[in-house]
2 protein chains.
Amino acid sequence: MPRGNGQGPVWWHGRFKGCGYRITVGREVILDVLTKADRHLSAEDIYMKVHAAYPAIGLTTIYRTLEILVNMGLVFKFDFGDGRARYELAEGSNRSTHHHHLICTNCKRVVDYTDFIDDEIELLHKTEKGLSDKYNFTITNHLIQFYGLCDKCKKRK
Amino acid sequence: MPRGNGQGPVWWHGRFKGCGYRITVGREVILDVLTKADRHLSAEDIYMKVHAAYPAIGLTTIYRTLEILVNMGLVFKFDFGDGRARYELAEGSNRSTHHHHLICTNCKRVVDYTDFIDDEIELLHKTEKGLSDKYNFTITNHLIQFYGLCDKCKKRK
DNA sequence: GCTATAAATGGAAATGATTTTCATTAACAG
DNA sequence: CTGTTAATGAAAATCATTTCCATTTATAGC
C-alpha cells in the first residue's frame, strides 16, 4: 500500500526497525493517514480514516502506535485545550514545515503560522543552549502557542 | 481569614464582584492556597490543602472555581503531559514573576526559568503584534515550554 | 518457504480526571 | 431581615485513554 514516493523503501521503515519495532499493516496505514493529513488529527480522527479502509484495525492500536511515534519523535502531540490530544507528523518527513500555533480560546480554532519563525528559531536556539547549560537538560523539543480570540468570536462578544 | 496584605480589601474581590461572582469561603480559601503555593498545583493538590482546613469544601468546587479563575485570567492552566492539569496564579497578584517552563519528558519534572525572559518577551510582543494583525486575533496569552531530559534521567539511560 | 517466538493486536473492561445533575445552602441586594 | 439566585456537595455521568488477556501475525533463523 504506502510505497513511499518512488525513492525506495518507505522513509520511516528503517527508523522503526532500528528501534526493534515490527512493520505491520496497522502502522503502515496510520503513518499513511498522518502523512496525508493537512491538519492536526485526534486519535479518533485517525481511527475513523483508518477504519474506512481497514475496519479490522482498532482504536487501541491507534493509541499504541501514536505513543510509539511520539516517543520516537516522528509525531508531535499537542493539547489545544479541548480535552483530546492532537497529533501531527514532525518535520523531517516529506510534509510539514516547522510552524507554531495560534489558538482561539473560545471556539478552539487553530491557525498554523510560519511567520516570524526564523526570528523565533534563532531565539529558541539561543535559549535552548542557555537552558541546557544552566539546568543540565538535554533539550529535544519546544512548544510555542499563542492564545486569543479569533475574528468570529470577537464579533459575537 | 485571607485579609489581603494590609493594603485594604483583598486584591481580587473587586474583579470578582465586577464579573457578578459572589465572594464565598471556598473561593477565599482556594485563592489563598494559590497565592501561597510555590509551585504548580493540580486540582487535587489544591483540594487536599483546602480540605485540611475546610473539610466541607468539595473537589467539585475546586474545579468550578478554577475554571472561573482561568477564564478571568487570574490563573494559568498548564498541561505538562502527565494527564492532569496544573494551575498557577497569573502575575499581577503579589506573587509569581513571568516565567516559562522546562519539562523533563521522562520524569515530568518541571523547572521554572526566568532566564532569557527579556529577549523572549521582546520577540513575543513583536510576534503577537504581527499575528494579531495578520490573522485578526486578539491575543491574550502565550505558552512557551521546552522539553528534554533532565540531569537524572539522562544518567539512567 | 517453514517454524518458533515474541511482538502486536482487538475488544472489552478498567481507569481516572473532569463535568454534570439536582436537591440544599448561602451570599447579598434591597 | 428576606427573597432571589448563585454556589455548593455528593453522587452519578462522561469520555479520552489505558490495561488486560486471549489470539494473531511479523520475522529471525533455519
Side-chain angles (χ1 to χ4, degrees), chain A residues 1-2 9-10 12-31 33 40-48 50-72 75 77-87 108, chain B residues 1-2 9-10 12-31 33 40-48 50-72 75 77-87 108:
Chain A
M1 175 71 15
V10 181
W12 51 270
H13 280 193
R15 291 194 58 179
F16 242 67
K17 296 218 178 171
C19 293
Y21 294 121
R22 295 178 177 178
I23 311 295
T24 68
V25 176
R27 291 173 179 176
E28 300 251 33
V29 184
I30 292 168
L31 260 299
V33 165
H40 328 88
L41 301 174
S42 66
E44 182 116 23
D45 290 337
I46 297 170
Y47 172 68
M48 287 188 299
V50 166
H51 194 261
Y54 295 79
I57 295 171
L59 184 54
T60 308
T61 295
I62 310 289
Y63 276 108
R64 275 189 289 230
T65 302
L66 286 172
E67 189 187 7
I68 290 173
L69 293 170
V70 169
N71 284 338
M72 288 179 69
V75 163
K77 179 179 184 178
F78 293 100
D79 166 40
F80 294 146
D82 67 345
R84 56 180 55 189
R86 304 296 163 134
Y87 301 87
K108 314 294 180 190
Chain B
M1 175 72 12
V10 181
W12 51 271
H13 281 191
R15 292 193 60 178
F16 242 69
K17 296 217 176 170
C19 293
Y21 294 121
R22 294 176 179 179
I23 311 294
T24 68
V25 177
R27 290 171 181 178
E28 300 251 31
V29 185
I30 292 167
L31 259 300
V33 165
H40 328 88
L41 300 174
S42 67
E44 183 116 24
D45 289 336
I46 296 170
Y47 172 68
M48 286 189 298
V50 166
H51 194 262
Y54 294 80
I57 296 171
L59 184 55
T60 309
T61 295
I62 308 288
Y63 275 109
R64 275 189 290 231
T65 302
L66 286 171
E67 188 185 8
I68 290 173
L69 293 170
V70 169
N71 284 338
M72 288 178 71
V75 164
K77 181 179 183 177
F78 292 99
D79 166 40
F80 294 145
D82 67 346
R84 54 181 54 187
R86 304 297 164 133
Y87 301 87
K108 313 295 180 190

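So you know, we letter chains A, B, ... as the sequences are listed, proteins then strands, and number each from 1.
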To the nearest Å, how far apart are [X] [atom1] and [N] [atom2]?
X       : N      : atom1 : atom2 : result
B/Ile68 : C/dT19 : CD1   : C1'   : 14 Å
A/Glu28 : C/dA8  : CD    : C1'   : 14 Å
A/Leu59 : D/dT18 : CG    : C1'   : 11 Å
A/Tyr54 : C/dT9  : OH    : P     : 14 Å
B/Asp82 : D/dA16 : CG    : P     : 19 Å
A/Tyr47 : D/dC15 : OH    : P     : 17 Å
B/Ile62 : D/dA10 : CD1   : C1'   : 14 Å
A/Tyr21 : D/dT25 : OH    : C1'   : 18 Å

At under 4.0 Å between heavy atoms, what does [X] touch on the DNA or RNA strands: base, sugar-phosphate, or nothing?
X       : result
B/Arg22 : base
B/Arg64 : base
A/Thr24 : sugar-phosphate

- Query: Any idea how A/Phe16 and A/Trp12 line up, ring-wise: parallel (<30°), tilted (30 to 60°), or perpendicular (>60°)?
  - Reply: perpendicular
- Task: Please figure out whether A/Thr60 or B/Thr65 has its closest DNA chain D nucleotide nearer the 5' end.
- Result: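 Closer to the 5' end of DNA chain D: B/Thr65.
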- Looking only at atom types and distance, does a side-chain atom of A/Arg27 sit under 3.5 Å from a main-chain N or O of A/Tyr21, one as donor and one as acceptor?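 No, the answer is negative, given that no donor and acceptor are paired below the 3.5 Å cut-off.
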- Message: Under a 3.5 Å distance rule, please check whether B/Arg84 uses its side chain to pair with a backbone N or O of B/Glu44 as donor and acceptor.
- Response: no
- Task: Report yes if a side-chain nitrogen or oxygen of B/Arg27 is closer than 4.0 Å to either non-bridging phosphate oxygen (OP1 or OP2) of D/dT8; otherwise report no.
- Result: yes
- Quick one: is D/dT17 close enough that its OP1 or OP2 comes under 4.0 Å of any side-chain N or O from A/Tyr63? yes
- Whichever of B/Ile23 and B/Glu67 has its nearest DNA chain C nucleotide further upstream toward 5':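 Nearest nucleotide further toward 5': that of B/Glu67.
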- Task: Could you check which of C/dC28, C/dT18, D/dT27 has an atom nearest any side-chain atom of A/Lys17?
- Result: D/dT27
- Query: Is there a side-chain contact between A/Leu31 and A/Leu69 (heavy atoms, below 4.5 Å)?
  - Reply: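 With C-beta onward as the side chain, the pair touches.
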- Item | Residue pair A/Ala43 / A/Leu59: nearest heavy atoms and the distance that separates them | O-CD1, 4.1 Å
